[in-house]
Structures are given as C-alpha cells and as structure tokens.
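Here the structure is a predicted model, which means the values were calculated and not measured.
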Amino acid sequence: MKMSQPTSTEAENFDVIIVGAGISGINCAYRLQTELPHVKFAVLESRDRIGGTWDLHQFPGIRCDSDIHSLGFAWHRWAFDYPIASGSQILEYLADAISTHHLGQYIRFRHKVLSANWSTADQDWSIVAIDHNEKQKRFRARWMILGTGYYDYDMAPRADIPGLDNFTGKIIHPQFWPQGFDYDNKKIALVGSGATAISLLPVLAKRAAQVTMLQRSPTYITAMPNTAWLHDYVPRAVANVWRRIYSIFSLYFFVLLCQYVPSYVREALRKRTTGLLPKGIDHDTHFSPHYNPWEQRLCLDPDAAFFKALHRPNVHLITSEIDTVTSNGVHMRDGQSVDADILITATGFRMVMGGKIDIKVDDQPISWGKRYVWNGAMLDGVPNMMFMFGYTNHAWTLGADDTAIVLTRLWKLMERNAVKSAVPRIPEKAATGTQRLLQLSSTYIAEADDRMPVYGMEGNWRPRIRPPIDYFHARWGNYTSGLEFAS
C-alpha cells in the first residue's frame, strides 16, 4: 500500500465543505451558490469524475429506476424526450448542469476525505483529505455536508451462494464490471431479481449465447412506456414542469395505494404482468412475491424490455434456491442445472454511511449505527453536519434537495442571530422507540441495519417518507425544533 505524504501544515478555510460530486453534492453546490452567494465552499470528490453512483456503475444496461423528471434537478431541466435515462445520459445531464451553472469552479477531484473532527472550542470542523499526489491536505469549515450516498464504493457484499468458490469461469459483481468485457456467445448465469438484474438481462441477451436468470424469490416488476408526447403539443418548458409535478405526485399516491390497499395493487400488477409473459412462464411461480408491493422496491421495466427479452429463445428464468455452484455451472434445489461460462452476482450492494470517513466530535469517535436522525438530515449529538439522503420509494434527488433547502434556511437564521453551531438533541418523547432509516425488507438492507442510523417517534425525528409534504416542510415548515444552538 502506498503511504501518503505528511499532512500540510496550513489548513485552507471554508464556510462549507461538501463531500462528493454526485447528484447530492452538485445539487447542494447549486443551492449554496444561488441562495448564499457570499458563502465560501468547496466540493471534495475522491474520484476523478463527477457522477458518484452513476460514474461508479458501468455494467451493461445501467439506467435509473426513477422518472428522470423527479431524479433530475428542479433547477435544470431534462433535455431528452424520454423519462427513463441510461447511466451515460445521466452523466451527460450532470455535466451540462455543472457547465450551465458554472459549478465546476468549486469541485476538487481526487480529494478523498479521510477524517473530520469537530472542535467545540473552535466551533468548526478540521478535515483531512488525501489529494491526487497522495499528499494529505487540511481544511477547516464551519459546516460539513456529506453527499456520499450509502454504497460502499470499494467492496461488494460477499454473495451468500453455496459453492461459489467451485466455479472456474468468470465471476462478476455488477458494481465492478470489467471495462470492455467480452461476453459474446457465452453462457451466463445471472443471479438476482432486483433492478440491476432486470436492467442487465435484456442487454446481455442480445450478445450472449444463453442468459439464465436465477432468482431465489420473485420481484414486482412493472412495465412502462419510455416515451414522452406532451412536448409535441405544448412548449418544452411547460411540459417539463408538468412532468415533474406529475412524476412526484403520481408515484407518491401509488405508494400510498400499496400501503393501504395492497391486495388491489397486487392484482393490478398481476394482470399487467400476465399479459406480457411468454407461454411457458407461469406468473405465480416467477412474479408473485411473498411480500406486498413496495415493502421492497418495485422495479421499472422501460418499454417492457425485460419482458420482451423473456420471449427470446436464449433467455431462461428459474425461480428456486441454489443448491450449489459447480465448476461449470449452477445446480438448483428443484433439480435443474444451468451451464455457465460467466456467473453474475446481482445480489445487492454493501451499505455504508458517511463514505467511511473517520468522524469525531471533540476527538470522540461517532458511530452511525442506531444514532437518531433529525429531519432526515442530521445526527443526534453531531454539530454542523448534514448528510444527503433520498427516498427508497421515490427519486433520491427529492430528499437530497430537501436537505439542501433546510441547510440554506438554517444558515440564514444562524447568520442573523450570530449563532455558530447547531446540534440536534433528541427529547425523551421522540426517543421512546426507533424506526428504520430505509423502510424496505430487501436482504442487503436488512444486513446493514446495525450500521444504519434510525428515526425517532415524533416531530422532526420522524421518518421523511412523504416527498410532496416533505418539500413543503423543508421550504416553509419548522426547521429549528430539536436543535440546540451555540454562539
């Protein structure tokens, strides 16, 4: 391992340090630039490109699983004609947003933040990062904003697949897809049933000799047309505004339907899905999950690409548990065997909060696990730090933008009152119980429970799970309850 050079003696001073130049960090930079133009800030990005998740994931078929009109920024409209975008199109969109709004001046690439320590005496953060020359650099800032998401960029979860070490072919986790990897005329076993697998299968099937999707249990999948027609009749600016409003509210109400009348939604999805299946694939065997819609994330299938791929002669679907992996394939518990040259483990991601930064308050380590969350944005007992977190039942960007709005409102209040720090302190009534940060039952989310912070039971400590209402709360609601200020 290459050792970093000694830390520079002089610290560079900022009002705000944003960590991460993905969607969350870019959005926060825009909010600071426009609403607090006098504030000095920088964006520290560990990679050499923007995009975060969308730059990290390079597997075939990578795309968003949310309508781009809500995943995109409120302040920079989507220029394409379709609502579900590929990873490359999202990166193009982010680059255009940065260029149009002159945000590139704030971004420092290949600056990986290693540690951050809050000093109560100095009322600021001391931040240590390592730059592209492997030299440690020091920064001081009144606020630290984490736009680091919740994926472990360095490590994928170890797939719980019996006999995986027996396989002599190529094993790939989609998070680390080899650049230029040739799978032409290969036999592929695709393990998984979530959004990644559903995105991969139609693309792989076009070039592979055979693709067999192996799912332990079914997932809800809904096909939707990836087209836009409104802009043919009204100006694009009007169409974009309408699409954003429609996207936000329609999905919100759909999630409410899933919560209150799940049997109705389940039946509606069954009817829609059955009509798209080829003969020989039974709906109840392969597409009837044991859980209700939106207890795990519901997957989108733009233009029914996944369902169309199931009609191809080189595509197969098996719903059963894996008995063992052999040297050249997979044997299932129901007796079926699958030959494979390539094994893809699309079984989820390893979750980690805060980008693995060593965070301390007055030299005391801060643990994320089971710590209460204030307003979906701050941690109990941690001053002047916000983390950007989106929705599991809607577009990520909506939640991240709510946090950025709260930040700007809070900064203005503190500035008017000559206040230097704000720290959340949970009251007894709000701490009578806990609620999960990610309220889904997916295996990889459940595995991370002990590492994740939690919501409380009332006030600004309750879960942030209602996008339209949360926006109004962030923009005009109470943003000081639960905070302790110091000057």
Side-chain angles (χ1 to χ4, degrees), residues 63-72 74 82-85 193-195 197-199 215 217-230 241-277 283-307 376 389-402 435-443 445-446 455 457 462-474 477:
R63 58 169 173 79
C64 66
D65 206 31
S66 300
D67 190 311
I68 193 65
H69 294 92
S70 55
L71 182 72
Y82 30 81
I84 304 298
S193 59
I198 291 160
S199 300
Q215 59 176 12
S217 58
T219 297
Y220 290 109
I221 306 169
T222 183
M224 64 169 288
N226 194 20
T227 57
W229 52 267
L230 189 60
V241 170
W242 166 249
R243 282 297 311 226
R244 182 173 178 84
I245 294 172
Y246 176 80
S247 171
I248 292 171
F249 280 91
S250 62
L251 183 52
Y252 173 61
F253 287 120
F254 177 71
V255 172
L256 288 179
L257 278 177
C258 293
Q259 292 172 346
Y260 291 102
V261 285
S263 59
Y264 169 80
V265 177
R266 181 191 285 266
E267 179 62 18
L269 291 172
R270 187 192 68 79
K271 290 181 178 178
R272 177 181 293 186
T273 301
T274 300
L276 296 171
L277 295 177
H283 172 273
D284 290 350
T285 301
H286 301 290
F287 294 96
S288 183
H290 63 273
Y291 55 88
N292 287 325
W294 273 115
E295 288 180 3
Q296 294 185 22
R297 192 171 176 91
L298 188 146
C299 297
L300 289 181
D301 181 24
D303 290 332
F306 172 82
F307 290 111
F389 208 81
Y391 292 99
T392 55
N393 58 6
H394 218 308
W396 178 271
T397 316
L398 300 177
D401 196 32
D402 288 346
Q435 301 182 67
R436 297 173 71 195
L437 183 70
L438 289 164
Q439 299 184 344
L440 297 177
S441 60
S442 304
T443 302
I445 293 176
Y455 283 115
M457 305 305 292
R462 289 178 299 181
R464 189 174 66 182
I465 54 175
R466 304 168 299 172
I469 297 172
D470 294 338
Y471 172 77
F472 283 98
H473 178 76

I want to check something: taking the side chain as every heavy atom from C-beta on, are Tyr82 and Thr227 in contact at a cut-off of under 4.5 Å? no
Restricting to non-hydrogen atoms, name the atom on Arg63 and the atom on Ile198 that form the minimum distance, rounded to 0.1 Å. NH2-CG2, 4.1 Å
Ring centres of Tyr220 and Trp294 under 6.0 Å apart? no
Closer than 3.5 angstrom, by distance alone: can the side chain of Arg464 be matched with the main-chain N or O of Leu437 as a donor-acceptor pair? no
Set of salt bridge (charged side-chain N to carboxylate O under 4.0 Å, His left out) partners for Asp67, sequence neighbours left out: Arg243
Roughly how far apart are Leu71 CG and Ser247 OG, rounded to 0.5 Å? 9.0 Å
Contact check, side chains of Cys64 and Ile84, non-hydrogen atoms, under 4.5 Å: yes
Expected output: side-chain Asp301 to main-chain Ile221 donor-acceptor under 3.5 Å: no
If you define the side chain from C-beta out and look only at heavy atoms, does anything of Arg266 sit under 4.5 Å from Ser288? yes
Is any side-chain heavy atom of Ser66 closer than 4.5 Å to one of Trp396? no
From Phe307 CZ over to Thr222 OG1, what is the distance, rounded to the nearest 0.5 angstrom? 7.5 Å
Close side-chain approach of Gln435 and Pro463, heavy atoms under 4.5 Å: yes
Tell me, yes or no, whether the heavy-atom count around Arg436 atom CZ, taken from other residues, nucleotides or ligands under 6.0 Å, exceeds 12. yes
When rounded to the nearest 0.5 angstrom, what is the spacing between NE2 in His473 and CZ in Arg466? 9.0 Å
One pair to check against side chain to side chain contact (heavy atoms under 4.5 Å, CB included): Thr392 and Ile465. What are the steps and the verdict? CA-CA 8 Å; Thr392 55; Ile465 54 175; over 6 Å; no
Apply side chain to side chain contact (heavy atoms under 4.5 Å, CB included) to residues Leu438 and Phe389 and explain how you reach the verdict. CA-CA 10 Å; Leu438 289 164; Phe389 208 81; 3.7 Å; yes
Is any side-chain heavy atom of Pro293 closer than 4.5 Å to a side-chain heavy atom of Gln259? no
Please determine whether side chain to side chain contact (heavy atoms under 4.5 Å, CB included) holds for the pair Thr274 and Phe287, giving the CA-CA distance in whole Å, both sets of side-chain angles, and the decisive distance to 0.1 Å. CA-CA 9 Å; Thr274 300; Phe287 294 96; over 6 Å; no
Answer whether the closest heavy-atom distance between the side chains of Leu398 and Tyr471 falls below 4.5 Å. no
Under the side-chain hydrogen bond (donor to acceptor under 3.5 Å, both in side chains) rule, collect the residues that match up with Glu267, sequence neighbours excluded. Arg270
Using only atom types and a distance under 3.5 Å, with no angle test, would you say the side chain of Asp402 pairs donor to acceptor with the backbone of Ala474? no
Go through the steps for His283 and Leu277 under the test side chain to side chain contact (heavy atoms under 4.5 Å, CB included), then give the verdict. CA-CA 8 Å; His283 172 273; Leu277 295 177; 3.9 Å; yes
Looking at every heavy atom in both Asn226 and Pro83, which two are closest together, and how far apart are they? OD1-CD, 3.0 Å
Would you say that Tyr252 contacts Asn393 through its side chain, given a criterion of any heavy-atom pair below 4.5 Å between the two side chains? no
Do the side chain of Thr219 and the main chain of Ser193 share a donor and acceptor less than 3.5 angstrom apart? yes
Which residues pass the salt bridge (charged side-chain N to carboxylate O under 4.0 Å, His left out) test with Asp401, not counting sequence neighbours? Arg31
Separation of Ile245 CD1 from Ser250 OG (nearest 0.5 Å): 11.5 Å
Tell me whether the centres of the aromatic rings in Phe254 and Phe249 are closer together than 6.0 Å. no
